[in-house]
K.L.:
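Okay, here's the structure, questions in a sec.
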Amino acid sequence: MRINVAELLQRPVGSTTSYPLEETIEVADGGPSRLAGALQLMRIGRGILMRAGIDTSYKVVCSRCLETFDYPVRLNIEEEFFQKADVNTGGPLPVPSDNGAFLIDENQELDTDEAVRQHIVMSMPMHPICREDCPGLCPRCGQNLKEGLCACDQREEDPRWKRLREWASRNDKD
Ligand SMILES: [Zn+2]
Ligand SMILES: [Zn+2]
């Protein structure tokens with residue numbers, strides 16, 4: 001979402017405005033993400049502080065069964081946007097040398113999407129699972145065990161694992 005902050009920049013430090021947030025943004029790998037929440041912009045010394053609480057979800061692949069599913073997340077975002085140009089004179093202002101800093105452009109507009117996108121990517125789980133008890137794929141034939149057991153002989157188990165399992169179940173009983 002692009003927001004013109006010229007008016008807010010002319011108000012004293014600490015002034016705020018709030019916006020509802022309802023939109024869909026494209027995120028690499030995750031597909032389109034529907035955003036629902038609210039954001040608040042606050043005038044701070046060098047620009048604007050954005051705070052947002054956003055509910056969204058995106059597509060991830062289960063690391064066990066390899067099925068794609070919707071992964072819901074709650075994002076709590078706090079990011080600074082720096083002014084490139086003085087709001088009254090239009091004259092250039094020094095911006096952080098850090099290339100990743102979020103900027104308010106010469107028209108005094110800021111774009112929330114890139115900040116939200118970065119937080120979505122940071123929230124992506126390393127090993128997502130579609131549900132806690134997902135049984136995954138059969139290591140031998142690749143059958144998705146969520147859809148039912150395969151014909152592979154489960155008794156042909158490595159004997160060392162079998163002994164460990166027996167030992168564990170004995171301990172459970174104690
Ligand atoms: Zn799964
Ligand atoms: Zn199998």
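Order of appearance sets the numbers: ligands from 1, and atoms from 1 within every ligand.
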K.L.:
Charged N to carboxylate O below 4.0 Å: is that the case for Arg34 and Glu22?
P.N.:
yes
K.L.:
Among residues at least two apart in sequence or on other chains, which ones pass salt bridge (Lys or Arg N to Asp or Glu O under 4.0 Å) with Glu106?
P.N.:
Lys84
K.L.:
Just to be careful: counting only protein atoms that are N, O or S, how many fall under 2.8 Å of the Zn ion (ligand 1)?
P.N.:
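For the Zn ion (ligand 1), protein nitrogen, oxygen or sulfur atoms under 2.8 Å: 4.
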K.L.:
Between SG of Cys138 and SG of Cys150, what angle is found at the Zn ion (ligand 2), rounded to 10 degrees?
P.N.:
100°
K.L.:
I need the minimum non-hydrogen distance between Asp70 and Ser57, along with the two atoms involved.
P.N.:
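Heavy-atom minimum between the residues: OD1-OG, 4.3 Å.
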K.L.:
Who pairs with Asp111 by salt bridge (Lys or Arg N to Asp or Glu O under 4.0 Å), at least two apart in sequence or on another chain?
P.N.:
Arg2
K.L.:
To 10 degrees, how wide is the angle SG (Cys141) to the Zn ion (ligand 2) to SG (Cys152)?
P.N.:
110°
K.L.:
Evaluate the side-chain proximity of His119 to Ile54: yes if any heavy-atom separation is below 4.5 Å, no if none is.
P.N.:
no
K.L.:
Could you tell me which residues satisfy salt bridge (Lys or Arg N to Asp or Glu O under 4.0 Å) with Arg131, sequence neighbours excluded, listed by chain and number?
P.N.:
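So Arg131 forms a salt bridge (Lys or Arg N to Asp or Glu O under 4.0 Å) with Asp133.
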K.L.:
Which of these, Pro72, Pro32, Ser33, sits in a side-chain contact (heavy atoms from CB on, under 4.5 Å) with Tyr58?
P.N.:
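Exactly one candidate clears the test, Ser33.
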